[in-house]
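To keep things clear, I will list the structure first and then write my remarks on it.
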Amino acid sequence: MKYFALVIAAVTLSACGDALTYPAEIEKQKEQLEAKAPTPVDQIQITSADTINNGNFEVLGPVKGTVGKATAFHANPTQEQAEQKLRIEAAELNADAIINASISEVKVCALSWGCRELSGTAVKLTK
């Protein structure tokens with residue numbers, strides 16, 4: 001029975017496969033990408049729509065992540081912090097925009113008392 005409980009716990013925690021990012025790390029990640037990303041991180045467009053630029057884009061791949069607070073006493077991650085993390089993930093793929101963007105409300109996650117999960121599709125705009 002103990003073995004069964006351990007297997008269930010491992011499977012449950014492995015479902016939260018995204019690396020958790022704390023708000024204090026977001027600015028450091030942005031600075032590291034600024035020198036090599038073709039589009040500045042702050043200029044990467046985000047939309048919940050499934051198209052952008054009149055359909056003139058190339059899909060680069062999915063982006064996802066989790067932004068969470070370090071302890072129960074820290075402030076919950078904001079919508080802006082989650083958007084910035086989404087932009088950082090897209091910049092790592094040399095994207096110009098993110099379509100199908102989704103950011104959850106704050107909730108309790110496996111490694112944080114308050115987190116936002118985010119996802120979308122990184123795209124490169126074409127003419």
Side-chain angles (χ1 to χ4, degrees):
M1 189 61 152
K2 287 182 187 178
Y3 177 74
F4 180 73
L6 287 173
V7 169
I8 295 298
V11 168
T12 302
L13 290 176
S14 68
C16 304
D18 295 336
L20 180 68
T21 301
Y22 298 112
E25 298 169 346
I26 293 174
E27 191 62 31
K28 291 177 199 169
Q29 291 176 348
K30 177 187 165 200
E31 289 173 5
Q32 290 173 345
L33 281 171
E34 286 294 333
K36 63 181 181 178
T39 301
V41 173
D42 291 334
Q43 293 180 15
I44 294 175
Q45 301 172 51
I46 299 176
T47 181
S48 59
D50 62 358
T51 190
I52 194 169
N53 196 34
N54 295 319
N56 298 316
F57 61 86
E58 172 190 346
V59 174
L60 300 176
V63 289
K64 63 181 184 173
T66 305
V67 177
K69 61 183 182 175
T71 70
F73 304 107
H74 285 90
N76 286 329
T78 65
Q79 178 80 14
E80 293 75 24
Q81 290 167 331
E83 288 174 359
Q84 191 73 323
K85 177 59 179 171
L86 198 55
R87 285 184 179 101
I88 289 167
E89 294 296 319
E92 290 179 353
L93 297 176
N94 296 324
D96 297 318
I98 303 155
I99 59 172
N100 298 318
S102 174
I103 298 174
S104 74
E105 294 296 322
V106 176
K107 60 185 179 179
V108 175
C109 294
L111 300 174
S112 177
W113 285 99
C115 71
R116 289 180 184 265
E117 294 177 342
L118 42 111
S119 64
T121 303
V123 298
K124 187 78 170 167
L125 302 179
T126 59
K127 304 265 184 223

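Heavy atoms only: backbone and side chains are in, while hydrogens, waters and symmetry mates are out.
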For a quick test of reading the model, state the closest non-hydrogen atom pair linking [X] to [Y] and the distance between them.
{"X": "C115", "Y": "L20", "result": "CB-CD1, 4.4 Å"}
{"X": "P40", "Y": "P38", "result": "CD-O, 3.9 Å"}
{"X": "A101", "Y": "I46", "result": "CB-CG2, 3.4 Å"}
{"X": "N76", "Y": "G114", "result": "OD1-CA, 4.0 Å"}
{"X": "I98", "Y": "G120", "result": "CG2-CA, 3.9 Å"}
{"X": "I103", "Y": "A82", "result": "CG2-CB, 3.6 Å"}

From [atom1] ([X]) to [atom2] ([Y]), nearest 0.5 Å:
{"X": "E34", "Y": "T39", "atom1": "CD", "atom2": "OG1", "value": "10.5 Å"}
{"X": "I88", "Y": "Q32", "atom1": "CD1", "atom2": "CD", "value": "9.0 Å"}
{"X": "L111", "Y": "Y22", "atom1": "CG", "atom2": "OH", "value": "6.5 Å"}
{"X": "L118", "Y": "Q81", "atom1": "CG", "atom2": "CD", "value": "11.5 Å"}

Is it the case that one hydrophobic cluster holds both [X] and [Y], taking links as side-chain heavy atoms less than 4.5 Å apart, direct or via other members?
{"X": "V67", "Y": "V106", "result": "no"}
{"X": "V123", "Y": "V63", "result": "no"}
{"X": "F57", "Y": "L60", "result": "no"}
{"X": "L93", "Y": "L86", "result": "yes"}
{"X": "I52", "Y": "V59", "result": "yes"}

Side chain to side chain donor-acceptor pair (under 3.5 Å) contacts touching residues 52-61 (sequence neighbours left out):
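Every pair satisfying side chain to side chain donor-acceptor pair (under 3.5 Å) with a residue in residues 52-61: there are none.
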Residue pairs fulfilling side chain to side chain donor-acceptor pair (under 3.5 Å) with at least one residue in residues 85-95, sequence neighbours excluded:
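Non-adjacent pairs meeting side chain to side chain donor-acceptor pair (under 3.5 Å): T21-K85, Q29-K85, K85-E89.
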Taking it one step at a time, do T78 and E83 satisfy side chain to side chain contact (heavy atoms under 4.5 Å, CB included)?
CA-CA 9 Å; T78 65; E83 288 174 359; over 6 Å; no
P23 and K69, any side-chain heavy atoms less than 4.5 Å apart
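Side-chain contact under 4.5 Å: no.
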Pairing residues for S104 by the side chain to side chain contact (heavy atoms under 4.5 Å, CB included) criterion, not counting sequence neighbours
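S104 satisfies side chain to side chain contact (heavy atoms under 4.5 Å, CB included) with K107, R116, E117 only.
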Polar contact flag, side-chain donor to acceptor under 3.5 angstrom, D96-Q43:
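Note: D96 and Q43 side chains miss the donor-acceptor criterion.
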